[in-house]
Amino acid sequence: VQLQASGGGLVQAGESLRLSCVASGTQQSINIMGWYRQAPGKSRDLVAFITRGGVSNYADSARGRFTVSRDNTKNTVYLQMNSLRPEDTAIYYCHAFFGKNYWGQGTEVTVSS
């Protein structure tokens with residue numbers, strides 16, 4: 001399984017971004033897809049994930065501002081990020097669990113104040 005993320009960029013505080021991640025290499029629907037992020041000098045932390053059945057979970061920092069969704073027919077997961085803050089600045093990594101963990105290459109999100 002290969003994961004290709006896109007949608008990062010530079011925005012100002014309060015603005016929005018939508019990240020996308022397409023999984024290829026399988027015709028089956030992937031069990032869990034989601035997003036992690038890693039800020040400079042910090043660990044990689046969960047942002048949100050969503051199961052094949054549509055059950056989602058969020059980090060406290062994301063809940064209420066971010067929405068994770070997926071299109072099972074396309075094996076694609078999205079992260080709609082609203083009301084972005086400078087502390088959301090990080091590399092965002094797409095993640096999938098399909099027998100084992102898979103990671104995308106990361107897409108950079110920078111939020112200026």
Verify same cluster id: Tyr92, Ile50 (apolar side-chain graph, 4.5 Å):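 Linked within one cluster.
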Intermediate values then yes/no, side-chain contact (heavy atoms from CB on, under 4.5 Å), Arg52 and Met33: CA-CA 8 Å; Arg52 183 170 46 202; Met33 299 187 74; over 6 Å; no
Drop me the distance from [X]'s [atom1] to [Y]'s [atom2], to the nearest 0.5 angstrom.
X	Y	atom1	atom2	value
Leu46	Ser61	CG	OG	9.0 Å
Phe49	Phe97	CZ	CZ	12.0 Å
Ser112	Gln12	OG	CD	4.5 Å
Ser20	Gln80	OG	CD	9.5 Å
Leu84	Arg65	CG	CZ	6.5 Å

Exercise: identify the closest heavy-atom pair between [X] and [Y]:
X	Y	value
Ala96	Leu3	N-CD1, 3.8 Å
Ala39	Ala90	N-CB, 3.8 Å
Pro86	Ser113	CG-CB, 3.8 Å
Thr107	Gly8	OG1-N, 3.1 Å
Asn82	Ser16	OD1-OG, 2.9 Å

Side-chain heavy atoms of [X] within contact of [Y], under 4.5 Å:
X	Y	value
His95	Asn101	yes
Asn57	Val68	no
Val1	Ile30	yes
Arg44	Ile91	no
Ser6	Leu19	no
Gln4	Ser24	no
Val77	Cys94	yes
Trp103	Tyr36	yes

Report yes or no: does [X] contribute a side-chain atom to a donor-acceptor pair with the main-chain N or O of [Y] at less than 3.5 Å?
X	Y	answer
Thr89	Thr110	no
Asp45	Gln38	no
Thr51	Gly53	yes
Arg18	Leu79	no

Trace of the side-chain contact (heavy atoms from CB on, under 4.5 Å) decision for Val109 with Met81: CA-CA 10 Å; Val109 173; Met81 304 186 292; 3.9 Å; yes
Within 6.0 Å of CD in Gln28, more than 12 heavy atoms from elsewhere: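 No, the 6.0 Å shell around CD holds no more than 12 heavy atoms from other groups.
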Test: Arg37 cationic atom under 6.0 Å from Tyr93 six-membered ring centre, within 45° of axis: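 No, cation not above the ring by the 6.0 Å, 45° rule.
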Test of ring centre spacing under 6.0 Å for Phe66 and Trp35: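 No, the ring of Phe66 stays outside the 6.0 Å limit from the ring of Trp35, centre to centre.
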Test side-chain contact (heavy atoms from CB on, under 4.5 Å) applied to Thr67 and Tyr78, step by step: CA-CA 8 Å; Thr67 302; Tyr78 307 96; over 6 Å; no
Ion pair Arg85/Asp88, N-O distance below 4.0 Å: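 So Arg85 does not pair with Asp88 through a salt bridge.
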Test log, rule side-chain contact (heavy atoms from CB on, under 4.5 Å), inputs Lys74 and Val22: CA-CA 7 Å; Lys74 299 178 180 179; Val22 180; over 6 Å; no
Under 3.5 Å side-chain donor-acceptor pair for Asp71 and Thr76: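 No, no side-chain donor-acceptor pair sits under 3.5 Å.
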